[in-house]
Amino acid sequence: MIAGYSNGSVPADNDHMGWTQLMTQMFTGLTFDSNMIRDVQWHRNAGNEAVWLFTLSHRSLLPLNKQIDDWIPVGHCSDLPYLWFYPDIWETYNASNADFAVTDYMGGLWTDFAKNG
């Protein structure tokens with residue numbers, strides 16, 4: 001299983017951050033992605049061809065994310081500030097231009113989905 005997620009490059013035994021990142025990727029795939037794929041297959045088998053997914057990979061220091069050394073993991077619910085634009089987050093934290101671009105993009109995705117299904 002490690003080989004499938006490590007792209008053939010396994011961290012050294014003493015590379016604790018490398019192992020933390022690899023294990024995070026593996027268990028994200030196992031716990032979230034595999035369930036999303038199962039749900040998509042269920043909807044498609046039921047005749048619904050228009051099934052949409054998104055995975056947030058934007059790394060930011062908005063308050064739902066934590067920085068560990070040089071690594072900023074994208075955690076569960078990290079998309080919420082971009083969708084709901086909580087004023088206390090955007091006024092308090094130093095949001096980057098990239099954060100605002102992600103907000104615009106995700107807002108467009110969600111409103112297009114609401115309009116068009």
Side-chain angles (χ1 to χ4, degrees):
M1 181 164 62
I2 290 173
Y5 284 92
S6 67
N7 296 324
S9 175
V10 177
D13 288 345
N14 63 350
D15 182 1
H16 304 296
M17 180 57 74
W19 280 103
T20 299
Q21 291 172 340
L22 179 59
M23 297 304 286
T24 300
Q25 271 186 299
M26 286 174 43
F27 288 105
T28 296
L30 291 170
T31 57
F32 290 102
D33 298 348
S34 61
N35 289 324
M36 288 189 304
I37 291 167
R38 182 205 59 210
D39 291 348
V40 166
Q41 290 170 336
W42 181 81
H43 283 287
R44 294 200 51 143
N45 289 341
N48 183 358
E49 295 294 319
V51 181
W52 304 96
L53 297 173
F54 75 90
T55 299
L56 179 66
S57 60
H58 172 65
R59 286 165 168 48
S60 173
L61 289 176
L62 290 180
L64 295 179
N65 290 331
K66 303 292 181 225
Q67 184 167 356
I68 304 167
D69 293 336
D70 292 333
W71 179 48
I72 303 172
V74 179
H76 184 58
C77 296
S78 294
D79 55 341
L80 296 180
Y82 301 102
L83 296 170
W84 303 116
F85 214 77
Y86 304 124
D88 58 323
I89 290 174
W90 292 92
E91 293 168 3
T92 305
Y93 292 87
N94 190 18
S96 68
N97 288 337
D99 290 322
F100 286 102
V102 169
T103 296
D104 289 342
Y105 181 73
M106 289 182 70
L109 289 176
W110 279 61
T111 54
D112 287 347
F113 174 75
K115 287 189 246 178
N116 306 311

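We use all heavy atoms of the structure for the numbers below, so side chains are in, but hydrogens, waters and symmetry mates are not.
Expressed to the nearest 0.5 Å, how far CZ of R59 lies from OG of S96 amounts to 13.5 Å. For the atom pair NZ (K115) and CH2 (W110), the distance works out to 15.5 Å, reported to the nearest 0.5 Å. With rounding to the nearest 0.5 angstrom, the NE2 atom of H43 is 9.5 Å from the CZ atom of R38. Rounding to the nearest 0.5 angstrom, the gap separating the CG atom in L53 from the CE atom in M36 is 5.5 Å. Atoms CH2 and CG, on W42 and N48 in that order, are 9.0 Å from each other to the nearest 0.5 Å. Going from atom CG of N116 over to atom CH2 of W52 covers 9.5 Å, rounded to the nearest 0.5 Å.
Annotation: side chain of V102 is in contact with side chain of L56 (closest heavy-atom distance under 4.5 Å). Within the 4.5 Å cutoff, side-chain heavy atoms of L80 are placed close to those of C77. The closest side-chain heavy-atom distance from T20 to I68 is not below 4.5 Å. Side chains of D112 and L109 form no contact here, defined as non-hydrogen atoms less than 4.5 Å apart. Residues M17 and D15 are in side-chain contact: their nearest non-hydrogen atoms beyond the backbone lie under 4.5 Å apart.
Taking both residues in full, the closest heavy atoms of D13 and W19 are given as CA-NE1, 4.0 Å, listed atom of the first, atom of the second, then distance. Nearest approach of T31 to S34, heavy atoms of both residues: N-OG, 4.3 Å.
Both M23 and V10 are assigned to one and the same hydrophobic cluster, defined by single-linkage of ILVMFWY side chains at heavy-atom distances under 4.5 Å. No single ILVMFWY cluster, assembled from side-chain heavy atoms under 4.5 Å apart, contains both M26 and W71.
Remark: aromatic rings of F85 and W90 are close, center separation under 6.0 Å.
Using modelled atom types and a 3.5 Å distance limit, the side chains of D99 and Y93 yield no donor-acceptor pair.
A donor-acceptor pair is defined here as one N or O able to donate and one able to accept, closer than 3.5 Å; such a pair exists between the side chain of T111 and the backbone of G108.
Atom CG of N94 is surrounded by 12 or fewer heavy atoms from other residues, nucleotides or ligands within 6.0 Å. More than 12 heavy atoms of other residues, nucleotides or ligands sit less than 6.0 Å from atom CZ of F100.
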